Amino acid sequence: MTSDVGRERLAYKRSRARRSTVVALLSTVAFAVVAWFAVTGSPGWPRVRQSFFNADVAWRALPGVLEGLWLNVRVLVVCGAIILVLALVVAALRTLPGPMWFPVRALATAYVDLFRGLPLIITLYLVGFGLPALRLTGIPNDYVVLGGIALILTYTAYVAEVFRAGIESVHPSQLAAARSLGLGRRKTLRLVVLPQAVRRVTPALLNDFVAMQKDCGLISVLGAVDAVRAAQIEQARSYNFTPYVVAGLLFVLLAVPSARLADAVTRRAATRQGAR
Amino acid sequence: MRAPLLIAAAALLAAACAPADEAGPPSQTLVNGLPCTKDKLATLTAGKITFGTDQPAYAPWFVDDDPSNGKGFESAIAYAVAGELGYAKEEVVWTRVPFNAAIQPGKKTYDADINQFSMTEERRQAVDFSASYYEVAQAAVTLKTGKAAGVKTLADLAQYKIGAQVGTTSFDAATRIVPSQQVAVYNTNDDAKAALTAGQIDVLLLDLPTALYVTSAELTDAAILGQVPGGQGRREHFGIVLDKNSPLTGCVSMALDTLRGKGKLKEIEQQWLAAQGTAPELK
């Protein structure tokens with residue numbers, strides 16, 4: 001039961017909320033109008049519009065850019081899945097305790113240091129043009145596969161570090177509790193540590209996922225035609241930059257679901273912690 | 001319409017009446033009634049002309065990646081054009097302009113950009129082109145030991161994986177040969193050469209002078225298979241790029257036409273692109 005005062009307070013709060021929504025709306029509209037006139041009133045606007053926001057060129061570029069984007073999506077999905085598995089393995093190896101495992105730990109650390117430090121574009125060149133130039137049998141010669149390998153090498157290093165941070169964030173008391181229940185090292189990792197670790201680093205993982213969405217296109221330096229490259233081809237044909245705008249918008253559309261998902265996951269985690 | 005006519009008539013009259021030792025510049029230096037002389041040209045810096053080209057600048061178009069040495073086909077053309085407009089060698093300034101910067105709609109950092117730009121009607125919407133200074137053909141390059149080494153016809157060529165640099169008419173030529181298979185596209189011809197050497201592509205399309213240079217100086221284990229025809233039987237021409245509606249376009253074109261008339265263009269071509277025309281045409 002709410003008192004009259006309470007109801008009044010609630011009504012007042014609601015009216016304030018409505019008011020601030022209206023103010024926010026008005027100020028946004030005013031800002032947009034000012035920005036619009038500042039941009040369209042500039043002396044160079046007609047040529048900028050012609051070069052960057054040309055509907056005809058956009059329409060002509062769309063099929064090629066979409067086809068390129070399909071390649072991006074396929075590479076993203078396949079590489080993303082492989083990276084998750086490999087990164088978990090590398091992170092687990094890096095956190096192995098005991099002197100016996102030192103070589104393994106050192107190797108995993110060296111791998112992470114190397115591929116996290118190396119710019120992706122250089123890894124792409126080394127793997128993409130260097131590996132097949134060795135002319136060994138069994139090495140793939142498809143530039144999408146080679147580009148995918150480079151992406152996996154680089155992003156596994158990033159994601160492994162994220163996983164390691166998660167694993168190390170699990171409180172030692174949890175390990176002690178698991179040990180006291182008679183769980184072995186492997187079972188402790190699988191049943192106690194990893195579930196907590198993965199939940200904690202999910203937002204960071206999704207962040208890396210969005211970053212990779214955009215970096216997938218870099219395999220185009222090896223010859224593949226991704227969305228950005230398809231836009232570049234159209235741009236070079238017409239000397240018009242609109243295809244880039246088209247590709248950019250498509251990438252934003254692609255990233256929005258991941259961003260919302262990341263938000264939702266973070267919110268859920270926050271509520272859960274608050275409820276605890 | 002009347003005013004320019006009157007001026008032209010007056011100029012003619014003045015020229016006819018003037019004593020011989022005071023004869024003005026030849027009438028060709030007038031383009032659309034505007035004089036094409038150094039002091040009247042609206043260049044970025046008064047008294048100087050700024051040429052743009054990409055970095056690195058490749059042979060045989062430039063030599064040693066130094067456009068200002070006057071060596072290489074396009075460097076020589078630029079200096080010849082500047083000379084025709086009245087600029088001395090030291091009044092020619094060079095600036096490096098990447099492809100995208102050269103064709104963007106904003107203020108330009110160059111007066112004229114010479115960088116193997118092929119002229120098309122579509123591109124004319126965004127920039128001005130001068131008159132043509134070179135007619136170019138496309139050529140197919142392959143490794144002597146490669147799978148495509150024995151190719152004799154275009155139909156055979158279409159069986160192999162073809163690569164080209166993005167944004168070039170070589171790429172357009174490649175897509176015409178194999179519309180079904182995706183053409184491998186590279187940022188630069190250097191990347192494309194790496195892919196050819198690594199065996200990721202079987203054939204690389206380049207413009208003929210570059211192909212001749214690459215096979216003779218850079219990839220000595222590569223060879224030219226032959227020339228590839230242009231689109232719809234049209235010949236492809238290189239033009240100097242200028243800002244859209246640049247007041248200089250007419251003058252640069254006039255300078256090139258004068259150079260052609262004097263046989264100077266042919267001369268420069270023979271000096272720097274001498275090996276031209278040695279590749280058979282693929283049919």
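Keep in mind that what you see is a predicted model, and the values were worked out from it rather than measured. A note on names: the letters A, B, ... follow the listed sequences, proteins ahead of strands, and every chain is numbered from 1.
Looking at B:T197, only its backbone comes within 4.5 Å of chain A, counting heavy atoms on both sides. Contacts between B:Y186 and chain A at a heavy-atom distance below 4.5 Å involve backbone atoms as well as side-chain atoms. Contacts of B:Q104 with chain A are made by both backbone and side-chain atoms, with heavy-atom separations under 4.5 Å. Within the 4.5 angstrom heavy-atom criterion, only side-chain atoms of A:L146, from C-beta onward, approach chain B.
Atom CH2 of A:W45 sits in a crowded spot, with more than 12 heavy atoms from other residues, nucleotides or ligands closer than 6.0 Å. Heavy atoms from other residues, nucleotides or ligands lying under 6.0 Å from NZ of B:K144 number more than 12. Around atom OH of B:Y58, more than 12 heavy atoms belonging to other residues, nucleotides or ligands sit under 6.0 Å away.
Taking all atoms of both residues into account, the shortest heavy-atom contact from B:I103 to A:F241 is O-CE1, 3.8 Å. Here the closest non-hydrogen pair linking B:D191 and A:F129 is O-CZ, 3.6 Å. Closest approach of A:P132 to B:Q200, counting heavy atoms only: CG-CD, 4.1 Å. B:V183 approaches A:V225 most closely through the heavy-atom pair O-CG2, 4.0 Å.
Using a 4.5 Å heavy-atom cut-off against chain B, the contacting residues of residues 60-94 of chain A are A:R60, A:E67.
Ranked by heavy-atom pairs under 4.5 Å with chain A, the list B:N100, B:T188, B:V127 is led by B:N100. Of the listed residues (A:Q50, A:R229, A:Q232), the greatest number of heavy-atom pairs within a distance under 4.5 Å of chain B belongs to A:R229. In terms of heavy-atom pairs under 4.5 Å with chain B, the best-connected choice from A:N240, A:D142, A:L222 is A:L222.
Distance OG1/B:T169 to CZ/A:R237: 11.0 Å, rounded to 0.5 Å. We find the OG-CG distance between A:S220 and B:N187 to be 6.5 Å, quoted to the nearest 0.5 Å.
The residue from B:Q125, B:E122, B:R123 that alone fulfils the side-chain contact (heavy atoms from CB on, under 4.5 Å) condition with A:S238 is B:E122.
Classification of the B:F99-A:Y239 ring pair by plane angle, with boundaries at 30° and 60°, yields perpendicular.
Side-chain atoms of B:K161 and A:Y143 form a donor-acceptor pair, as typed in the model, at a separation below 3.5 Å.
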